[in-house]
Amino acid sequence: MKTSRFHLSTLKETPADAEIISHQLMLRAGLIRRLASGLYTWLPMGLRVLRKVESIIREEMNNAGALELLMPAVQPAELWQESGRWEQYGPELLRLKDRHQREYCVGPTHEEVITDMFRREVKSYKQLPINFYQIQTKFRDEIRPRFGIMRAREFLMKDAYSFHTNQDSLQQTYDQMFETYSKIFDRFGLKYRPVNADSGAIGGSASNEFHVLADSGEDAIAFSDQSDYAANIEMAEAICNQQRNEPGQELKTVDTPDQRTIDQIADFLSIPVVKTIKTLIACGEDNQLVALVLRGDHELNAIKAEKLPGIASPFQMADPEEIKKQLGCDIGSIGPVGLTIPTFVDRSAASINDLVCGANENDKHYTGVNWGRDLPEPDSVDIRNVVDGDPSPDGEGTLSIVRGIEVGHIFQLGDKYSSALNATVLDENGKSAVTKMGCYGIGVSRVVAAAIEQSHDDSGIIWPMSLAPFHLAIVPINYHKSELVKQAADDFYAQCQQQGIEVLLDDRPLRPGAMFSDMELIGIPHRIVFSERGLKAQQCEYKGRCDEKSQDIDIDNLPEFIQAKLSS
RNA sequence: CGGGGUGUAGCGCAGCCUGGUAGCGCAACUGCUUUGGGAGCAGUGGGUCGGGGGUUCGAAUCCCUCCUCCCCGACCA
């Protein structure tokens, strides 16, 4: 491709409304343009990248025996009413009516459509297991679309659905998809981690998310340094191996005027934060209050807390007014000593001796508090987020926390949709059996943004070879003035094309600096420069996107050199 | 949804407070010069000043209203 015949549309300045780096660079490099909130046009340059992501996914899904199909983006309301999700789904579901006043939605996902297709098409256990997938545009009417492609309303997704007669078969396909996803992400050339995830509202048992690692990621992931354990931070079990020491201090009440936060208290009393505990008050069932006790430096995990008996669902912190009314003091001075409401104590909080806590009286705290002596031995539970350095729940190694962007999710749906839509097959005994389903998604467009978040520098995007829109940039200096340069550039370009190299020749009549900047912004991994000066010495110049310096290459060696670079 | 901000040429912004009919840089177009890290000079084109309503002789500017986009907010103990 020559730039003169391509729509190269770079911006020197960063559009003001782009917040995160991938959004900025995608706009600047001319990959996408915004049409409306959460809606983007993929320009030719961006589409090349998107197609690469797609084709890697397609190849590996095909290798795994999955069958591609394509379902409508617009779906009839009847199907959603049948599954019950027409009611369940909130305003994220974009609903619309046709000219006959029939109701439809723009699909945010395709479980209903695939299950409907399946029940019409597949009749016998002999046809199972089977795994269908599509790469289709989805729409979710997000409250607050932001971060460009990262959280757009319309996005491209690969979604696959497998059908089975039994759990073993489902598990087998699930494991196979796990493998396939690992291959796909390996081929993307991105740093990623599969993590155990909460299957949440979707239901089902096993669930793994695939995260592309990036400092700007929205999700925190805990992973072990010695095993392949990795989990969403909300899901990781917080282990406490620490044994509690014997009481060493007497219980005392101290005045702590205006000391409310844990940091203030620790500072005021000159004690480490890990010797403090905090007592959070949550809403329980029947307007009760429930106390949750954590070590001062730990964070409550609301998902874990919600599962405790007697806690109101959805989880909610109690109203400060109500707390004051019932407990007689303000938040900030609450402690478990003498507390009469149901109390849950986190494992780590339960393992401290001689601790400091609120005295249930404003501006007073207890010091030297000991479990089993000053208050009952607690039933300890896991209600906190894991932190860096915690022991790994699988007993191997310690946890580190990194940030990631969720781009893939696989889970077992079980019979949620197949029973709602009556997707059955005849089994070996000629009896009708409800199928079990698995569901496997990859955010295709999000992969593009995630790749940029993970890999960029001040000059622009740094693509892995597998996703780069072009592999090689040819930058001739004075292409339009020097016949020598034009000849050399055109010859080499033709040669590359013959060999099927994805090459972009910059034949615009620009100054070199402008061309260099554009090629770097776009993130083309390899660059060859032809100049009259070099050619007269039988040389040209090579620079990799991440190389500090360029190197001179003999023209005669150029083809082999480039071959080697591109295949490495 | 609540709070804050914003909207002026393709992009980035000034002008608004203190009303007098719109400007700068980049980009685009033409010409000449220039050609190893986003060139110089000269010239040209491009605006319903987010929409609607109002005040006024006169509104980008003041008032009302609707809309857009962006940011913050669901972990304080």
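Residue numbers begin at 1 in each chain, while the letters A, B, ... track the order of the sequences.
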*Value rounded to 0.5 Å, distance of CG in A/N301 from NZ in A/K307*: 8.0 Å
*Nearest to the side chain of A/P512 - B/U35, B/G38, B/C71?*
B/U35
*Should A/R511 be listed as having a side-chain N or O under 4.0 Å from OP1 or OP2 of B/G38?*
no
_Sugar-phosphate, base or nothing in reach of A/D17, heavy atoms under 4.0 Å_ = sugar-phosphate
_Atom pair CG (A/L355) and CG (A/N370), whose distance is rounded to the nearest 0.5 Å_ = 6.5 Å
*asked:* Using 0.5 Å steps for rounding, measure from the NZ atom of A/K324 to the CD1 atom of A/I331.
replied: 10.5 Å
*Among all residues two or more places apart in sequence or in another chain, which pass the ring pair (Phe, Tyr, Trp, His ring centres under 6.0 Å) test with A/W463?*
none
_Distance between P atoms of B/A77 and B/G2 (Å, rounded)_ = 28 Å
_Tell me if a side-chain donor or acceptor on A/S9 pairs with a main-chain N or O of A/G30 at a distance below 3.5 Å._
no
Output one line per pair: protein atom, nucleotide atom from nucleotides 4-6 of chain B, and distance, for all N/O pairs under 3.5 Å.
none

*Does any N or O in the side chain of A/T279 come within less than 3.5 Å of the main-chain N or O of A/I277, such that one atom is a donor and the other an acceptor?*
no
*asked:* Can you tell me the base-pairing partner of B/U48? Count Watson-Crick or G-U wobble geometry only, both distances below 3.5 Å, and say none if there is no partner.
replied: none
*In whole angstrom, give me the gap between the P atoms of B/G50 and B/U68.*
15 Å
*Which base, if any, makes a Watson-Crick or G-U wobble pair with B/G73, both distances under 3.5 Å?*
B/C1
*asked:* Distance check, C1' atoms only: B/C13 and B/U6, in whole angstrom units.
replied: 13 Å
*In whole angstrom, give the distance that lies between atom CG of A/L35 and atom P of B/U68.*
14 Å
_Gap in Å between the two P atoms, one belonging to B/C26 and one to B/G43, rounded_ = 14 Å
*Scan A/E520 against the nucleic acid and name what it touches under 4.0 Å (heavy atoms): base, sugar-phosphate only, or nothing.*
base
Using a cutoff of under 3.5 Å, can you pull out all pairs of nitrogen or oxygen atoms linking the protein to nucleotides 22-33 of chain B, with atom names and distances?
from  : atom 1 : to    : atom 2 : distance (Å)
B/G25 : N2     : A/E13 : OE1    : 2.8

*Specify the closest pair of heavy atoms between A/Q454 and A/L213, including all atoms of both residues, with the distance to one decimal.*
NE2-O, 2.6 Å
_For a quick check, tell me whether the side chain of A/R527 and the base of B/G37 share a donor-acceptor pair closer than 3.5 Å._
yes
*Assigned partner base of B/C41, Watson-Crick or wobble definition, under 3.5 Å*: B/G31
*Base, sugar-phosphate, or nothing for A/R533, non-hydrogen atoms under 4.0 angstrom?*
base
*Donor-acceptor pair, side chain of A/S455 and main chain of A/A451, under 3.5 angstrom*: no
*Could you name each residue pair satisfying salt bridge (charged side-chain N to carboxylate O under 4.0 Å, His left out) that touches residues 537-551 of chain A, not counting sequence neighbours?*
A/D457-A/R545, A/R527-A/E541
*For B/G37, does either OP1 or OP2 sit under 4.0 Å from a side-chain N or O belonging to A/S517?*
no
*A/D346 (side chain) donor-acceptor with A/S348 (main chain) under 3.5 angstrom*: yes
*Of A/K481 and A/R508, whose closest RNA chain B nucleotide lies nearer the 5' terminus?*
A/K481
*Whole Å only: how far is the CZ atom of A/F530 from the C1' atom of B/U35?*
18 Å
*C1' atom, B/C67 versus B/G52: distance in rounded Å?*
10 Å
*B/C26 pairs with, by Watson-Crick or G-U criteria that keep both distances under 3.5 Å*: B/G10
*Reckon A/V529 touches a base, only the sugar-phosphate, or nothing at all at heavy-atom distances under 4.0 Å?*
base
*Would A/Y479 and A/D490 count as having a side-chain donor-acceptor pair, cut-off 3.5 Å?*
yes
*Rounded C1' spacing from B/U61 to B/G54 in Å*: 15 Å
*With sequence neighbours left out, write down each residue that passes ring pair (Phe, Tyr, Trp, His ring centres under 6.0 Å) with A/Y40, or none if nothing qualifies.*
A/H23
Please list each protein N or O that sits under 3.5 Å from an N or O in nucleotides 74-77 of chain B, with the distance.
from  : atom 1 : to     : atom 2 : distance (Å)
B/C75 : N3     : A/L300 : O      : 2.9
B/C75 : N4     : A/L300 : O      : 3.2
B/A77 : O2'    : A/G332 : N      : 2.4

_In whole Å, measure the gap between the C1' atoms of B/C1 and B/C11 for me._
33 Å
*Separation of atom NE2 in A/H480 from atom C1' in B/U34, rounded to whole Å*: 15 Å
*A/I477 has an atom CD1; how far is it from atom C1' of B/U34, in whole Å?*
14 Å
_Interatomic distance where CE belongs to A/M519 and C1' belongs to B/G36 [whole Å]_ = 15 Å
_Distance, P atom - from B/G38 to B/G23, rounded to whole angstrom_ = 31 Å
*A/E548 has an atom CD; how far is it from atom P of B/G37, in whole Å?*
18 Å
*asked:* Of the options B/C69, B/G38, B/C71, whose atoms approach the side-chain atoms of A/F147 most closely?
replied: B/C71
*Roughly how far apart are A/C546 SG and A/E520 CD, rounded to 0.5 Å?*
10.0 Å
*How many angstroms lie between CZ in A/R33 and OG1 in A/T41, if you round to the nearest 0.5 Å?*
10.0 Å
*Taking all non-hydrogen atoms of both residues into account, name the closest pair between A/I352 and A/W371 and its distance.*
O-CD1, 3.4 Å
_Please name the nucleotide paired to B/C16 by Watson-Crick or G-U wobble geometry with both distances under 3.5 Å, or report none._
none
*Distance in angstrom units between A/R153 CZ and B/U68 C1', rounded*: 12 Å
*Write down the distance between CD1 (A/I528) and P (B/G36), rounded to a whole number of angstrom.*
19 Å
*Considering Watson-Crick and G-U wobble pairs with both distances under 3.5 Å, what does B/C62 pair with?*
B/G54
